[in-house]
Amino acid sequence: TASLEHGTQPFFAMELIEGRPLVTFATETGLDTSERLRLLAEAELGVAKHKRSFLRVGEENRPGILLVHDADQTPAHLVPVARSLHGAGFTVHSPLLNSEEHEVSSQLEPRWRATLEQIRHGYSLLAGSCHEVYVMGTGLGAALAMLLAEREKVAGLVLLAPAVAPRTSFRMKLLRRLGLLKLHAVRRRLGRHEDQLEAMQMARDLAGKLKVPVYAAMCDDDPVVRPEALRTLQRKSKNPRSRFRVFESGGHDVLA
């Protein structure tokens, strides 16, 4: 269960991750009212405890890390890397984003722009107490991290299996080539899938405009993202500190 302590007392949220307790901690001043309401709202929506947003405050004067999960994931998928980062002194935050399973946006028909606003809120939360903020995203979360970097002053990006060159079906390729995806009726029928493709394409288009250092990694046998994704980012990278790595195998989940 979660409990709120007022005054100068800290805020604690106890969650069970893989059968083990995970304590997320932040001082009252570091966790604003809207974020506390968000955690309570997720509980009200019936989101399982291990799938909810989490925030861990690290050492003073250490950077903050915003973790952005993939479209079919939850913050729970990022808990292992969050533990490692927090153990190294970083402040770590991973907000729960919209999915087909749960809707945590106030919009009736959430789209990638609404999801991006959720991520911007998470960034602002960290930026308010950390001198710099890095963003790590996986899959669609990596594409959204790139879109965030265009709008906010992030210190750097970690992009895992960046979905800027997704593997799409022949049907989708044909619809796009014929220009039918612009029709409202077609877009409504395709729903969230086409919305995600739009976000991925926008991230791909701005790859050459990003000036921050990027670390990007993916696997050759990724069934979701084409190897072209990493080559595109490497070719368009502007920062000499950027690094790119390809693993021979491992599928879409680079962290696993």
Student: Tell me if a side-chain donor or acceptor on His69 pairs with a main-chain N or O of Leu97 at a distance below 3.5 Å.
Tutor: yes

Student: Do Arg231 and Glu228 meet the salt-bridge criterion of a basic N to acidic O distance under 4.0 Å?
Tutor: no

Student: Would a 4.5 Å heavy-atom cut-off, applied to side chains only, mark Glu152 and Val135 as touching?
Tutor: no

Student: Ignoring hydrogens and angles, tell me if any N or O in the side chain of Arg245 forms a donor-acceptor pair with the backbone of Ala217 under 3.5 Å.
Tutor: no

Student: Evaluate the side-chain proximity of Leu197 to Gln201: yes if any heavy-atom separation is below 4.5 Å, no if none is.
Tutor: no

Student: Counting only heavy atoms not in Arg151 (residues, nucleotides, ligands), do more than 12 fall under 6.0 Å from its CZ?
Tutor: yes

Student: Of all the heavy-atom pairs spanning Arg52 and Ala48, show the shortest one and how long it is.
Tutor: CG-O, 3.4 Å

Student: Working note: Glu44 + Leu40, criterion side chain to side chain contact (heavy atoms under 4.5 Å, CB included); need CA distance, chi angles, decisive distance, verdict.
Tutor: CA-CA 6 Å; Glu44 190 69 23; Leu40 294 175; over 6 Å; no

Student: I need the minimum non-hydrogen distance between Ala142 and Leu159, along with the two atoms involved.
Tutor: O-CD2, 3.5 Å

Student: Distance from Leu140 atom CG to Trp112 atom CH2, nearest 0.5 Å?
Tutor: 10.5 Å

Student: For Ala145 versus Leu157, what's the shortest heavy-atom pair and its separation?
Tutor: O-CD2, 3.7 Å

Student: Compare all side-chain heavy atoms of Glu248 with those of Cys219 and state whether any distance is below 4.5 angstrom.
Tutor: no

Student: When you compare the side chain of Val246 with that of Pro227, does any pair of heavy atoms fall below 4.5 Å?
Tutor: no

Student: Check whether Ser94 reaches the backbone of Leu67 with its side chain - one donor and one acceptor, N or O, closer than 3.5 Å.
Tutor: yes

Student: Can you measure from CZ (Arg113) to CG (Leu147) and round to the nearest 0.5 angstrom?
Tutor: 9.0 Å

Student: Output yes when a side-chain donor or acceptor of Thr91 lies under 3.5 Å from a complementary backbone atom of Gly64, and no otherwise.
Tutor: no

Student: For residues Ala216 and Leu230, report the shortest heavy-atom separation together with the two atoms involved.
Tutor: CB-CD1, 3.5 Å

Student: How long is the straight-line distance from CG of Asp220 back to CZ of Arg226, given to the nearest 0.5 Å?
Tutor: 14.0 Å

Student: Can you find a heavy atom in the side chain of Val158 that is under 4.5 Å from one in the side chain of Tyr134?
Tutor: no

Student: Supply the atom-to-atom distance Met200 CE to Leu144 CG, rounded to the nearest 0.5 angstrom.
Tutor: 8.5 Å

Student: Side chains of Leu78 and Val92: closer than 4.5 Å at any heavy-atom pair?
Tutor: no

Student: Looking at every heavy atom in both Leu96 and Pro75, which two are closest together, and how far apart are they?
Tutor: CD1-CD, 3.5 Å

Student: Roughly how far apart are Lys211 NZ and Ser237 OG, rounded to 0.5 Å?
Tutor: 13.0 Å

Student: Restricting to non-hydrogen atoms, name the atom on Val212 and the atom on Ser242 that form the minimum distance, rounded to 0.1 Å.
Tutor: O-OG, 4.2 Å

Student: Run through Val81, Leu66, Val68 and flag the one making a side-chain contact (heavy atoms from CB on, under 4.5 Å) with Met136.
Tutor: Val81

Student: Can you tell me how far NZ of Lys238 sits from NZ of Lys209, rounded to the nearest 0.5 angstrom?
Tutor: 11.0 Å

Student: Give a yes/no verdict on a cation-pi contact between Arg62 and Phe90, requiring under 6.0 Å between NZ or CZ and the six-membered ring centre and an angle within 45° of the axis.
Tutor: yes

Student: For the side chain of Tyr123 and the backbone of Ala149, is there at least one donor-acceptor N/O pair under 3.5 Å apart?
Tutor: no

Student: Would you say Glu150's side chain and Leu206's backbone share a donor-acceptor pair under 3.5 angstrom?
Tutor: no

Student: Indicate yes or no for a side-chain donor-acceptor contact from Ser124 to the backbone of Arg120 under 3.5 Å, with no hydrogens or angles considered.
Tutor: yes

Student: I want to check something: taking the side chain as every heavy atom from C-beta on, are Leu55 and Leu126 in contact at a cut-off of under 4.5 Å?
Tutor: yes

Student: Side chains of His121 and Pro95, heavy atoms from C-beta outward: is any pair under 4.5 Å?
Tutor: no

Student: For His86 and Val57, indicate whether the former's side chain and the latter's backbone hold a donor-acceptor pair under 3.5 Å.
Tutor: yes

Student: From the options Asp70, Asp221, Thr138, Asp72, select the one residue that forms a side-chain hydrogen bond (donor to acceptor under 3.5 Å, both in side chains) with His252.
Tutor: Asp70

